[in-house]
Participant: 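Structure in structure tokens, see below.
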Amino acid sequence: DRRDRGGLPAPHERRMIATPTITLTDQPFEPGLLVTAFCTDRQETGAIATFVGLARAERGTAAALELEAYPGFTDAAIGEIAQAAIDRFNLHDVHIVHRTGRIAPGEAIVFVAAAAGHRRAAFEACDFLMDYLKSQAPFWKKQHGPDGVRWIEPTAQDHDDVGRWDRSRPRAGDLAQ
């Protein structure tokens, strides 16, 4: 059953061509189980890098984070980002799990795993994916705290982080010009 493997396909179901697995869920998830499932049966993968983002209490100003998404739209947009990472870093596989709904401090918000032939590609892919998820994925975020509710927008640093990828390496379409 896919639930026993963190939503991942069984080893015999995996394709030779990398297709990202994107999961949006309003339920808490266990990152360790996702890592174990993602690492299973990878004879040709030389490296797996993961990232887990947690909700912060922001020194008592955040009682909860609330994320809204549009099913079918948000996951498709994340799938495009993930496919760009697969193409850019020659990845074997990508798995992204992102929470929606109300999330308490200390709970996992996002899980990103990248499988590649070598470590540098896996590390860079996780960094790339998180920069795009943080600044461009279509989520609407609210922070609930003692002073009420406020909307959260990407910061200037978030925009700088994602911008470095456009400057760091030409894209395939840029090479033809």
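Please read these numbers as outputs of a predicted model, since none were measured by experiment.
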Participant: Report all side-chain donor-acceptor pairs from residues 72-84 shorter than 3.5 Å, counting only partners two or more places apart or in another chain.
Facilitator:
unit_1, atom_1, unit_2, atom_2, d
T74, OG1, Y70, N, 3.1
T74, OG1, Y70, O, 3.4
T74, OG1, P138, O, 2.9
D75, OD1, G72, N, 2.6
Q83, NE2, D87, OD1, 3.1

Participant: Less than 3.5 Å apart, which donor and acceptor atoms pair up between the side chains of residues 128-136 and the rest of the protein, not counting sequence neighbours?
Facilitator:
unit_1, atom_1, unit_2, atom_2, d
D131, OD2, R164, NE, 3.4
D131, OD2, R164, NH2, 2.8
D131, OD2, W165, NE1, 2.7
Y132, OH, D166, OD1, 3.4
S135, OG, D131, O, 2.9

Participant: Is the ring centre of H98 less than 6.0 Å from the ring centre of F111?
Facilitator: no
Participant: Compare every heavy atom of L54 with every heavy atom of A108, then report the nearest pair and how far apart it is.
Facilitator: CA-CD2, 3.7 Å
Participant: I want to check something: taking the side chain as every heavy atom from C-beta on, are R99 and V110 in contact at a cut-off of under 4.5 Å?
Facilitator: no
Participant: Can you confirm whether T23 sits close enough to I96 that some side-chain heavy atom of one is under 4.5 Å from a side-chain heavy atom of the other?
Facilitator: no
Participant: With rounding to the nearest 0.5 angstrom, report the CD to CD distance, E107 to Q27.
Facilitator: 10.0 Å
Participant: Can you check whether R102 reaches L65 side chain to side chain, under 4.5 Å on heavy atoms?
Facilitator: no
Participant: Of all the heavy-atom pairs spanning T155 and D158, show the shortest one and how long it is.
Facilitator: N-OD2, 2.9 Å
Participant: A side-chain contact here means heavy atoms from C-beta on lying under 4.5 Å apart; do R42 and T40 qualify?
Facilitator: no
Participant: Tell me, do T100 and T25 make a side-chain contact under 4.5 Å, heavy atoms counted?
Facilitator: no
Participant: Kindly compute the distance separating NE2 (H118) from CD (E124), expressed to the nearest 0.5 Å.
Facilitator: 13.0 Å
Participant: Would you give the length of the straight line joining atom CG of L67 to atom CD1 of I152, rounded to the nearest 0.5 angstrom?
Facilitator: 8.0 Å
Participant: Atom OG1 in T36, atom CD in E30: separation rounded to 0.5 Å?
Facilitator: 9.0 Å
Participant: Can you give me every donor-acceptor pair (side chain of residues 44-53, partner residue at least two apart or in another chain, under 3.5 Å) with its distance?
Facilitator:
unit_1, atom_1, unit_2, atom_2, d
T45, OG1, H92, ND1, 2.9

Participant: If you compare all heavy atoms of A104 against all heavy atoms of A55, which two are closest, and at what distance to 0.1 Å?
Facilitator: O-CB, 3.4 Å
Participant: For the atom pair CZ (R88) and CD1 (I86), what is the distance rounded to the nearest 0.5 Å?
Facilitator: 14.0 Å
Participant: Mind checking ring pair (Phe, Tyr, Trp, His ring centres under 6.0 Å) for F123 and listing every partner two or more places apart, or none if nothing turns up?
Facilitator: none
Participant: Determine whether more than 12 heavy atoms belonging to other residues, nucleotides or ligands lie under 6.0 Å from atom NE2 of H159.
Facilitator: yes
Participant: Specify the closest pair of heavy atoms between A114 and A125, including all atoms of both residues, with the distance to one decimal.
Facilitator: CB-CB, 3.9 Å
Participant: Who pairs with E66 by side chain to side chain contact (heavy atoms under 4.5 Å, CB included), at least two apart in sequence or on another chain?
Facilitator: E68, K142, H144
Participant: Could you give the distance from CG (D93) to OG1 (T19), rounded to the nearest 0.5 Å?
Facilitator: 8.5 Å
Participant: What residues form a side chain to side chain contact (heavy atoms under 4.5 Å, CB included) with T61, not counting sequence neighbours?
Facilitator: E58, Q143
